[in-house]
Amino acid sequence: MLAYVIRRLFYGAGVVLGVLLLLFLLFFTVATPDDVARQALGEKALPDVIEQWKVNHGYDRPLWPWQDFDDNLFFDHYRRMLTFDFGRSDADDTPIMDRIRDGVGPSLALTVPMFVLGVVAGIVLSLFVAFFRETYIDRMGVFLCVLGMSISILLYIIGAQYLIGKTLRWFPISGFDADPSVMLRFLALPLLVGVVSGVGGDVRFYRTVFLEETGRDYVRTARAKGAGEGRVMARHVLRNALIPILTRVVVAIPFLFTGSLLLEAFFGIPGLGALTVDAIQGNDFSTLRTMVFIGALLFVLGQVATDVSYALVDPRVRLE
Amino acid sequence: MSALEVEDLVVRFPGDREPVQVVDGVSLRVDPGEVLALVGESGCGKSMTALSCLRLVPRPGRIHAGGIRVAGREILSLAVPEMRSIRGSEISMIFQEPMTSLNPVVAVGDQVVEAIRLHEPVSRAAARARTLEIFQKVGIPDPEDRLDAYPHQLSGGLKQRVMIAMALATVPRVLIADEPTTALDVTIQAQILELIRELRSEFDVGILLITHDLGVVNELADRVAVMYAGRFVEEGARVEVLSGGRHPYTQGLLRSIPGRVEPGERLAEIPGVVPAPDDWPPGCRFADRCERAVDVCSERSPDATSLGDGRRVWCHVVAEEEAAG
């Protein structure tokens, strides 16, 4: 299995290098350093101001190795990304690494509880509707799931802010405080919106998995040897259903670090999601390509983690 | 006391217009140490009869009427927890598909241990020791290693041995074997049949054998009941039914066995197909396909004609022949 993991990580490294190439093409040739500088300084900036800005941000060197093998942006881009030396923001000159270090805490404070609550709520609710399969409880459950999936997350956000934040005044509409005693008050609304907006799709998926498993022959065998419904569900169905459920769950874990774009932006949580949204809106290209690179890295890790988790729960899977 | 008694069993499924009775008034008896074979084509209700004996008829079907006694105890009126305590201890079942009937992510030894511990308050270690013993008894080679094997690591024959081990983990009074050899190679089939035969005499368990394979019946059964479209058509000792079936359907089945005709000769077949459960004709359900049918056959269901020694035939024509002497 170790050999498999190493090989997968090796392939993953190839994917990451490819992503870096695409990033370079997008951020240095499609949008040239001149464009970036003009975005930062304004359309009317004088040519020498633009040149000075490029020098300050290290954009003044040639793009390609064949122009200058020892000093070019292409190699520099790879070297910096792969050594996590991300440089400074194009927008306000702060070191990007500092911004990431500051943002990861608030992001995790939101995404980890949201992830745990979402998985638990999804599995409990889907077991519930699967237990009442083909009754009106099940049909009502599926209807609510589809309804929940069909509503835009923006409506959830605005609805929760208006109803719970503004009208009922239970929780603050937006904002964040790192002090643990008040943090939960600020996180309550985004957590609620995150869990409720995601749970419909999860329940529908898990329900299908559970129903498929309850129809299998080994379930009948378990009943025939005298196992009760609870035991059949917990020991036999859940263990088999875990296999498809894991793909969906484990692959999402790495992305807990990058936070949630919409929730952080709308609820004023200074996490990495908000950082990314700000970078997009502020034409902060160096921050943006850093975030895309980190996303690609986490994606590769998530894929390998999913494969490993398969091997851990399913004895039929051998990673070779 | 019989190991298993079924009386006028009716199993219903909801249909488009009205409920469909896939088992329609079946009665049978299996004595300890006896093998009763239930024979019939796919869809004749034999598997539903078997599942009824464990009260495991798949939803939305349900047992509508009748009585089922396991070792003299009526099970249809039992509360669910009581029924659970009988399943796997008094009455066990071996299923047709050893490939899919074992849980793929649980070691096979643990699955047998579970069957023991569901019914007896023994420690895991004790249950494991017993599982090892049963594995030896059912002829699993290297039983110690196989305890921790997963189903995908075993062959079909070994998996069926595990299923049998599970069914015998707590010595049952009744064993229901639903096509236990259908999914196996011919050589393995013979071994499994031999094993069932040994266990039958060793544990004095009554066996209800569900099959469509008359070869298996010939190997194993003491008595045979032939089912057609949810009802019995003929019942009796194996030798008598297999060598001198009286019901036209039984005769048709026997004629269609390869090996009973000369090489080159065309196999007999029964014309037509088994009607679907929601399309069963009034009267004798075989009447449409029967070459000996007379007017009364499609008007009235035949009653049982007793031919002595527990031999019964449900056929108007046979009844008339008997009455005429």
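First the proteins, then the strands, lettered A, B, ... as listed; each starts at 1. Since the structure is predicted, the reported quantities are computational estimates derived from the model, not experimental observations.
- Of all the heavy atoms in Pro315(A) and Pro104(B), the pair that sits closest is CG-O, 3.6 Å.
- Chain A forms more heavy-atom pairs under 4.5 Å with one residue of Arg55(B), Arg59(B), Met163(B) than with any other, namely Arg59(B).
- For Met83(B), no part lies near chain A; criterion is any non-hydrogen pair under 4.5 Å.
- The contact between Thr100(B) and chain A is made by backbone and side chain atoms together, counting heavy-atom distances below 4.5 Å.
- When Arg239(A), Arg223(A), Arg316(A), His236(A) are compared by the number of non-hydrogen pairs under 4.5 Å with chain B, Arg316(A) comes out ahead.
- When atom types are taken as modelled, the side chain of Lys225(A) and the backbone of Ile116(B) share no donor-acceptor pair closer than 3.5 angstrom.
- Between chain A and the options Pro58(B), Ser101(B), Gly88(B), heavy-atom pairs under 4.5 Å are most frequent for Ser101(B).
- Contacts from residues 105-118 of chain A to chain B, taken as heavy-atom pairs separated by less than 4.5 Å, involve no residues at all.
- Between Asn103(B) and Arg235(A) the shortest heavy-atom distance is ND2-O, 4.3 Å.
- With a 4.5 Å cut-off on non-hydrogen atoms, Leu56(B) touches chain A through its side chain but not through its backbone.
- Residues of residues 189-220 of chain A that come within less than 4.5 angstrom of chain B, heavy atom to heavy atom, are Asp217(A), Tyr218(A), Arg220(A) in numerical order.
- Here the side chains of Val313(A) and Val105(B) are not in contact, with every heavy-atom distance at 4.5 Å or above.
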